[in-house]
Enquirer: 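First the structure, which I've put down as structure tokens, then a few questions once you've had a look.
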There are 2 protein chains.
Amino acid sequence: MAKSEDPPRRATLKEVAKAAGVSLASASYAINGAGSVGEATREHILKVAAELGYRPNQSAKAMKTGKTGAIGLIVPDLTNPFFPGLAQVVIQAARAHGYSVFLTDTEGSTEEEERAVNLMIDHGVDGVIWFPIADDGPVGKLIEGVPTVVLDRNLPGYDVIQADYADGGRLAAEHLLAAGHVNIGVISGPHAASSARQRAEAAISTVRERGNLVWHVHNAYSLDLEPEVAKALDSRTATAVITGADLIAIGAMRHIRGLGQSVPDDVSVVGFDDIPWAQLHTPALTTIDMPVEDMAAAAVEALIRRMSARGEPRRRVVFNVELVSRDSVRVLT
Amino acid sequence: MAKSEDPPRRATLKEVAKAAGVSLASASYAINGAGSVGEATREHILKVAAELGYRPNQSAKAMKTGKTGAIGLIVPDLTNPFFPGLAQVVIQAARAHGYSVFLTDTEGSTEEEERAVNLMIDHGVDGVIWFPIADDGPVGKLIEGVPTVVLDRNLPGYDVIQADYADGGRLAAEHLLAAGHVNIGVISGPHAASSARQRAEAAISTVRERGNLVWHVHNAYSLDLEPEVAKALDSRTATAVITGADLIAIGAMRHIRGLGQSVPDDVSVVGFDDIPWAQLHTPALTTIDMPVEDMAAAAVEALIRRMSARGEPRRRVVFNVELVSRDSVRVLT
DNA sequence: CCTTCTCCATGAAAGGTTTCACGTCCTGGC
DNA sequence: GCCAGGACGTGAAACCTTTCATGGAGAAGG
């Protein structure tokens, strides 16, 4: 620290009141703009407070009011490029409403998720925005009592913000079919996530209608492919692959290239999410764009609403997705 | 919310004490493992507390002790892929020590930075880890009074965690020179950041010794290139480019490709930071690796130390960097 | 001139915890 | 059998704020 004088004590409201020659109550009212204080007095108090560099002690305030002015944001994995953009918007939107955000990263484990939630509740957040790892996290019950909005999963009882995953899956499949692909493989996200299942199911049923589903495997939301996924790719039976996430798509493209094949010449790939990497990748990835920023902002809005009106019926907001066509899909002639 | 019964009130310590038939003081001691409580009583109290689902009210605790158990992490821009990894490690390390972290993203503006810091101080963080945008942020004085460790910049008076930027710049330049490049351009990061200057200066002086510095321009830490940078690249006078960050390098490679040139055949590029994208990019980017995770962990360690021993002399830790050679540099024969 | 408001201002309680200072009881030493 | 001292427990203050209930003074109306 710059100075070693240990306690650069902050002025307390009592001190402000004394310095201003008014009562504690008046000082409080003046500073919070509540209660009834004469115009002149208020200004005087404010001036004195400013001089003393008064900063309200949030802990004390929180204790009285029960509101901490903090919200929690729980995401699975910050290094998944899907999340930073989300977090950024949440943080900004929250700040615009005067809230700070506790961010926590659960690193893909349900126990971490539970610990994270507990820590947050203990620290006294006013509300939580939660992007769950799986549908059945033990956390469902834990969050009881704290206003919560859930992203991505349609957890019963919570306010929910989602994208139209089924439509995304369908779009991806149709795009491939329209390009003349017949033998299509699907690498979907983890079984445990309903959003991943929805993407996959819609894609699969669309493929089945007019094409041929050659395989369907699962992979974590990661660049690294699991053995069964690698094996599926190794079989070279599909001319096109639908993936449950851009990260998986990129991992798959790497693997395909490792096989000596080319994307999109030999195999076409479509992703999901439209993370920033998607367009930077070579070839640029055709993918399903979700309006993450809008969703994040909506989550904050929903949380703010919920925090002030706890009784309201839950809401579920579903955002539209759209296919963005780039270079990873080959049109068969 | 799952239930609409408004207040699922949490048990208070007083209630625990009463239910256990002991005094408030004993209950407090038992739960905090301090003071003197008989083994039997302690266990009994703990049991009762568990039954009642007692969770200490952190606001009250914070008010008494002055410690909130929260730390703040201030980074410039979460969407810059350099930061999520850093944040993740900080969050984890902090949690391992029982701290929650307020994360805030200053979006590159110094005013935001100031607001963010104020909000954090008001919320009562016990300490702050700060990755400043510029050397002259107005924040230098603001943080006074809150234990703070600064990342990346050597701000006087603070505990500092850095990487050996000068060495990185030198390494990059030497790598290029060793590969036979002579006409070398430098795109460094923003003027305002001393770390960017150090990288550039070392690179430039090394280039000057044994090669030819054809131009030197600046760019924000972003994929988007500023006009003067584009102009420099357009001049096609350099066979190799040293950049102040991987993000800039990727932006530059895009631009170079747009010129109809190839990386590395026509122009070699070296980055700085070794962000996750670097190895995914085609061509994979040769860059300077900083041990971000270690630095993040060190920052938390340093902060913890500082929070418990405010008087200690400041420390500055400098991490070594190393060049990781990939495919974006051509060896001239 | 007196009553009745309204407007300002204040004292004091409350909120949940930690911790100091003190008291009681039992143990062990002589 | 007494006393010193340790172990265990307790009451109460303090932390800083919000907010309720109350009081006084001045203005307006009769």
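The chains referred to below are lettered A, B, ... by the order of the sequence lines, with proteins before strands, and numbering in each begins at 1.
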Enquirer: When the distance from CD1 of A:I31 to C1' of D:dT19 is rounded to whole Å, what number comes out?
Expert: 15 Å

Enquirer: When you get a sec, tell me which of C:dA9, D:dC16, D:dT18 is the closest nucleotide to the side chain of A:S28?
Expert: D:dT18

Enquirer: First locate atom CZ of A:R314, then atom CG of A:L155, and finally report the distance between them rounded to the nearest 0.5 Å.
Expert: 8.5 Å

Enquirer: Looking at A:T12, I'd like to know whether one of its side-chain N or O atoms comes within less than 4.0 Å of OP1 or OP2 on D:dT17.
Expert: yes

Enquirer: Among residues two or more places apart or on two chains, list those pairs meeting salt bridge (Lys or Arg N to Asp or Glu O under 4.0 Å) that have a residue in residues 98-107 of chain A.
Expert: none

Enquirer: Could you list the donor-acceptor pairs under 3.5 angstrom formed between side-chain atoms of residues 28-47 of chain B and any protein atom two or more places apart in sequence or on another chain?
Expert:
residue	atom	partner	partner atom	Å
B:N32	ND2	B:S28	O	3.1
B:T41	OG1	B:G38	O	3.4

Enquirer: Show every salt bridge (Lys or Arg N to Asp or Glu O under 4.0 Å) that has at least one partner inside residues 81-99 of chain B, sequence neighbours left out.
Expert: A:E112-B:R95

Enquirer: Mind checking what makes ring pair (Phe, Tyr, Trp, His ring centres under 6.0 Å) contact with A:F131, not counting sequence neighbours?
Expert: A:F83

Enquirer: Got a list of protein N/O to nucleotides 22-24 of chain D N/O distances below 3.5 Å?
Expert:
none

Enquirer: Could you tell me which non-hydrogen atom of A:V125 sits nearest to which non-hydrogen atom of A:G72, and how far apart they are?
Expert: CG1-N, 3.9 Å

Enquirer: Enumerate the residue pairs fulfilling salt bridge (Lys or Arg N to Asp or Glu O under 4.0 Å) with a member in residues 147-156 of chain B, sequence neighbours excluded, ordered by first and then second residue.
Expert: B:D135-B:R153

Enquirer: Looking at residues at least two apart in the chain, or sitting in another chain, which of them share a salt bridge (charged side-chain N to carboxylate O under 4.0 Å, His left out) with A:R315?
Expert: A:E312

Enquirer: Pairs under 3.5 angstrom, nitrogen or oxygen only, protein versus nucleotides 10-13 of chain D, please.
Expert:
residue	atom	partner	partner atom	Å
D:dT10	OP2	B:S23	N	3.0
D:dT10	OP2	B:S23	OG	3.3
D:dT10	OP2	B:S26	OG	2.9

Enquirer: Please report the interatomic distance CG(A:L78) to CG(B:L78), rounded to the nearest 0.5 Å.
Expert: 6.5 Å

Enquirer: Between B:K61 (NZ) and D:dT17 (P), how many Å, whole number?
Expert: 21 Å

Enquirer: Take the protein atom NZ of A:K14 and the nucleotide atom C1' of D:dT17, then report the distance between them rounded to whole Å.
Expert: 11 Å

Enquirer: Measure from CD on A:E39 to C1' on C:dA9 and round the result to the nearest Å.
Expert: 15 Å

Enquirer: Which comes earlier along DNA chain C counting from the 5' end, the contact point of B:A34 or that of B:M63, where each point is its nearest nucleotide?
Expert: B:M63

Enquirer: Rounded off to whole Å, could you give me the CG-to-P distance for the A:L13 and D:dC15 pair?
Expert: 14 Å

Enquirer: When we call it a touch if two heavy atoms are under 4.0 Å apart, what does B:T41 touch: a base, just sugar-phosphate, or nothing?
Expert: sugar-phosphate

Enquirer: Can you check the A:K67 NZ to D:dC16 P distance for me, whole Å?
Expert: 23 Å

Enquirer: Quantified as the angle between the terminal helix axes (five pairs each), what is the overall bend of the helix from C:dC1-D:dG30 to C:dC30-D:dG1 to 10 degrees?
Expert: 40°

Enquirer: Can you list every side-chain hydrogen bond (donor to acceptor under 3.5 Å, both in side chains) pair that touches residues 75-86 of chain B, not counting sequence neighbours?
Expert: A:Q88-B:D77, B:D77-B:T79

Enquirer: How would you list all residue pairs meeting ring pair (Phe, Tyr, Trp, His ring centres under 6.0 Å) that involve residues 97-120 of chain B, not counting sequence neighbours?
Expert: A:F102-B:F102, B:F102-B:H123

Enquirer: D:dT18 phosphate, OP1 or OP2: any side-chain N/O from A:N32 under 4.0 angstrom?
Expert: yes

Enquirer: Just how far, in rounded Å, is C1' of D:dG9 from CD1 of B:I45?
Expert: 10 Å

Enquirer: Strictly by side-chain hydrogen bond (donor to acceptor under 3.5 Å, both in side chains), give each pair with a member in residues 62-72 of chain A just once, sequence neighbours left out.
Expert: A:T68-A:D126

Enquirer: What integer distance in Å separates B:N57:CG from C:dG15:P?
Expert: 12 Å

